[in-house]
Amino acid sequence: MIIVQEAPFDAGAALNRFCKGAAGAGAVVSFIGKVRDLTAERAVTGLILEHYPGFTEKALGGIETEASRRWTLIDALIIHRHGKLKPEENIVFVAAAAAHRRDAFEAATFLMDYLKTDAPFWKKETGPDGTRWIEPAQDDKNARASWTGEKRKERP
Amino acid sequence: MARLLFFGRLRELAGQAKRPLALPDGVDTLAALIAWMKTQDPVLGAAIDERTVRYCINQEICGPETPVKANDEIAFMPPLSGG
């Protein structure tokens, strides 16, 4: 399931709902991405997330479909905010449910690695010195690249 | 009328998120559109032609060789940064 919304979300409530819906799961792995107040030593006072309505949801659905193709999942969930966010706020929630933990852990990691480079959002950080557009870091690109091909791979 | 959509730093360069455009005669591919845009606005034109920019036509990712038609929605997307 894909949810793209401007409003804040309660990660605990989302996880509870997800678990209730994931019948038969022996393993549920979840992740919360939050707005940091510091990026590379620069203070961050806010984040503005643009998205492409319609296309963003479709692209996230494609990432989720790919995860389901690679691992045997009972369910998966991505909640991603857009709009104006402040430090400490939740940006993204990812959850994967499977019969066993390896599929759940790997699928959740895969979803996040793909989201960092392939999710149609554009982030602008605001700070005391002004604003700047954020692009994926080399670590993000390396993590994404490590998933091509094999189901299992060496972590970068 | 075609609709050009700009995101992120490209939106700032274009000065607008959406731009209606009657495709000029002879502009029948995305590459031709980009080349034409370079003649109209060299700074924006260079930016949309950067290697890291991705393109969508009617919400499908596509390459520069893809045909463009009169009522298409054409999106210019700088590097994606989700999560």
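Values in this document were obtained by computation on a predicted structure and should not be read as measured data. Numbers restart at 1 for each chain; the letters A, B, ... are given by sequence-line order, proteins then strands.
- Between A:Glu50 and B:Arg9 there is no salt bridge, since none of the side-chain N atoms of the basic residue sits less than 4.0 Å from a carboxylate O of the acidic one.
- Both B:Val68 and B:Tyr55 are part of a single hydrophobic cluster, where members link through side-chain heavy atoms under 4.5 Å apart.
- Hydrophobic clustering, with ILVMFWY side chains joined whenever heavy atoms are under 4.5 angstrom apart, groups A:Val94 together with A:Phe121.
- Paired with A:Phe55 under the rule side chain to side chain contact (heavy atoms under 4.5 Å, CB included), one option of B:Glu60, B:Gln59, B:Glu73 passes, and it is B:Gln59.
- In the hydrophobic clustering of this structure, B:Ile74 does not group with B:Met1; members are Ile, Leu, Val, Met, Phe, Trp, Tyr whose side-chain heavy atoms approach within less than 4.5 Å, directly or through other members.
- Proximity to chain B is limited to the side chain of A:Lys58, based on heavy atoms less than 4.5 angstrom apart.
- Smallest separation of non-hydrogen atoms from B:Arg54 and A:Thr117: NH2-O, 3.5 Å.
- Between the side chain of A:His80 and the backbone N or O of B:Gly82, no donor-acceptor pair lies under 3.5 Å.
- When each of A:Val92, A:Leu115, A:Ile78 is scored by its heavy-atom pairs under 4.5 Å with chain B, the top score falls to A:Leu115.
- No continuous path of ILVMFWY side-chain contacts below 4.5 Å connects A:Val29 to A:Phe31, so the two sit in separate hydrophobic clusters.
- Contact annotation: the side chain of A:Glu135 never approaches that of B:Ser81 to less than 4.5 Å [non-hydrogen atoms, C-beta and beyond].
- The environment of B:Arg3 atom CZ is dense: over 12 non-hydrogen atoms of other residues, nucleotides or ligands sit within 6.0 angstrom.
- Two residues are said to be in side-chain contact when any heavy atoms from C-beta on lie closer than 4.5 Å; B:Met77 and A:Trp122 meet this criterion.
- Annotation for A:Lys84: atom NZ does not count as buried by contact number, only 12 or fewer foreign heavy atoms lying within 6.0 Å.
- For A:Ile91, the part lying near chain B is the side chain, with the backbone staying farther off; criterion is any non-hydrogen pair under 4.5 Å.
- When heavy atoms are compared at a cutoff of 4.5 Å, A:Tyr52 approaches chain B by way of both its backbone and its side chain.
- Only the backbone of A:His51 comes within less than 4.5 Å of a heavy atom of chain B; no side-chain atom from C-beta onward does.
- Taking the side chain as every heavy atom from C-beta outward, B:Glu12 and A:Trp133 approach each other to under 4.5 Å.
- No more than 12 heavy atoms of other residues, nucleotides or ligands lie within 6.0 Å of CZ in A:Arg36, so this atom counts as exposed by the packing criterion.
- Tracing side-chain contacts under 4.5 Å through hydrophobic residues (I, L, V, M, F, W, Y), one never reaches A:Leu49 starting from A:Phe9; they form parts of separate clusters.
- Residue A:Ala119 comes nearest to B:Leu80 through the heavy atom pair O-CB, 3.2 Å, listed as atom of the first residue, atom of the second, then distance.
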